[in-house]
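Naming: A, B, ... by sequence-line order, numbering from 1 per chain.
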There are 2 protein chains.
Amino acid sequence: MAGSGNRGRPRDAEVDRRILNAARDLLLSKGYAALSIDEVAERAGSAKTTLYRRWPTKDHLILSVIAQMQGDVSIPDSGDLRADLRYYLKAVAGGLDGMRKAGRGEDADDRSAGLVGELAGVAARHRDLGELVRSVFERRNAVAIGLLTSTTERGALRADVDPVVLLDQLIGPIYYRVLVTGAPIDTDYIEALIDGALLGAEPRV
Amino acid sequence: MAGSGNRGRPRDAEVDRRILNAARDLLLSKGYAALSIDEVAERAGSAKTTLYRRWPTKDHLILSVIAQMQGDVSIPDSGDLRADLRYYLKAVAGGLDGMRKAGRGEDADDRSAGLVGELAGVAARHRDLGELVRSVFERRNAVAIGLLTSTTERGALRADVDPVVLLDQLIGPIYYRVLVTGAPIDTDYIEALIDGALLGAEPRV
DNA sequence: CCTATTTCGCTACGATAGTTTCGTAATTGA
DNA sequence: TCAATTACGAAACTATCGTAGCGAAATAGG
């Protein structure tokens, strides 16, 4: 009703793109703390004002970038649960590892939590951003949980095993290593995780 | 050799105590981001310089406080693995939950990662602090791994199960919930974690 | 074509907070 | 007592987030 909401000069979508790209580049090369809004604006060739018209705070901008980086991980449903999980966990680990390596120039293989850790900090500071982070990861995991549930219904997993807990025991250790211990996450580790989680979950023959 | 290291005006140990106490109080009531060095100094009745002579940066001070808060978790070795694990996991979860509730005034039961998340951020920003955080948690877990190893040697756990992976699947989900999903961690959950991890790890009868 | 409306870039500003400089006080060894 | 050395406190410095005020540009509607 009333006022047409679309009057005046429209926003330039190209500007959004430039800002997000600039922020992403700086985020990957310097990390969160060392990234300044001024620098982002300069690199994007726009004014800080333009930036603040879109995102209310630095944290919001950064989270926007990260959400874009994380994207969606599709998960196959081939019937081979182990293979599907292997694929999914590798995708998750790969995404986190990319963020772990970012944020500190060339020393890529250190054990720093890098961006992931800073993201945890961001989420801890703003309630709304924490919600957003959670929604991203929950949406992602929902697919995996669906897979586990249907596998259970097929009888390939014991009915008394909670799919949520099962997935936690697959995903949790990956985040734990990235965020806390810094231990490496390789193919063998993922295999061991799957074994450990499924051995007790599969019906005894 | 040479210069006696103890010349000049000695540091006032009382000042250290006052600073740490002030920082702890503020940290618990306002969280990391909202805590300012000025405020810490004022509350401690000292100058900021005095503070910076002891800790090179705000992050270092904060981590010092947190390390002091975390303390050590002793783990019993009663022979009943499940009971011992239950005790240990509850202690870990309790410690994290205390930190999760801290740092945001009265709204204690939200799903924010609170201090734990900020701790992850701190560890991500400074290489040396990351090392320190890791050493704290590794020292802690070493006892638990020892327990699992001796249990394996006793034959109560299958020999082909890696104690490190097993512990990751017990501890990881707890950190994951605190830091990422914000899901609650109650007694039932801990029980489910233990079941999920041990069911496949115990020898088939 | 004209006006209202909104965005854009620019410059400057206020505010907050981490970090450093500098002069002074306390302490030890000779 | 004197010199060297270290700790201390006050104030200054600096960086950065976020805002405000401007004129110009772009668009929709009449």
Compare the minimum distances between each of C:dT19, D:dC17, D:dA10 and the side chain of B:Tyr52, then state the nucleotide with the smallest one.
C:dT19
Under 4.0 Å, heavy atom to any atom of DNA chain D: which of residues 9-24 of chain B qualify?
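Contacts with DNA chain D under 4.0 Å: B:Arg9, B:Pro10, B:Arg11, B:Asp12.
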So, does A:Arg54 get its side chain near the phosphate of C:dC8, meaning an N or O under 4.0 Å from OP1 or OP2?
yes
Is there a side-chain polar atom (N or O) of B:Thr50 under 4.0 Å from OP1 or OP2 of D:dG9?
yes
How close or far is atom [atom2] of [N] from atom [atom1] of [X], stated in whole angstroms?
X	N	atom1	atom2	result
B:Tyr32	C:dT16	OH	P	19 Å
B:Leu61	C:dA17	CG	P	15 Å
B:Ile37	D:dA10	CD1	P	17 Å

Distance-only donor-acceptor test (3.5 Å): side chain B:Lys48, base C:dT20
no
Taking for each residue the nucleotide of DNA chain D bearing the nearest heavy atom, is the 5' side occupied by A:Thr49 or by B:Asp38?
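So the residue in question is B:Asp38.
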For a 4.5 angstrom cut-off between non-hydrogen side-chain atoms, does B:Leu81 reach B:Ile194?
no
With a 4.5 Å cut-off on side-chain heavy atoms, are B:Ile171 and A:Val180 touching?
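No - every pair of side-chain heavy atoms lies 4.5 Å or more apart.
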Check whether the side chains of B:Arg24 and B:Asn21 place a donor and an acceptor atom closer than 3.5 Å, and report yes or no.
yes
What I want to check is whether the side chains of B:Tyr88 and B:Asn141 have a donor and an acceptor closer together than 3.5 Å.
yes
Pairs involving residues 118-143 of chain A, ordered by first then second residue, that meet ring pair (Phe, Tyr, Trp, His ring centres under 6.0 Å) (sequence neighbours left out):
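Found A:His60-A:His126, A:Phe137-A:Tyr175.
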Could you check whether B:Leu35 gets within reach of a base, just the sugar-phosphate, or nothing at all, counting any heavy atom under 4.0 Å?
sugar-phosphate
Contact class for B:Leu51 vs. all strands (heavy atom < 4.0 Å): base, sugar-phosphate, or nothing?
nothing
Regarding A:Glu191 and A:Arg82, does a basic nitrogen lie under 4.0 Å from an acidic carboxylate oxygen?
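Salt bridge between A:Glu191 and A:Arg82, a charged N being under 4.0 Å from a carboxylate O: no.
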CG-CG distance between B:Leu26 and B:Leu35, expressed to the nearest 0.5 angstrom:
5.0 Å
5'-most contact on DNA chain C: B:Asp59 or B:Arg53, nearest heavy atom basis?
B:Asp59
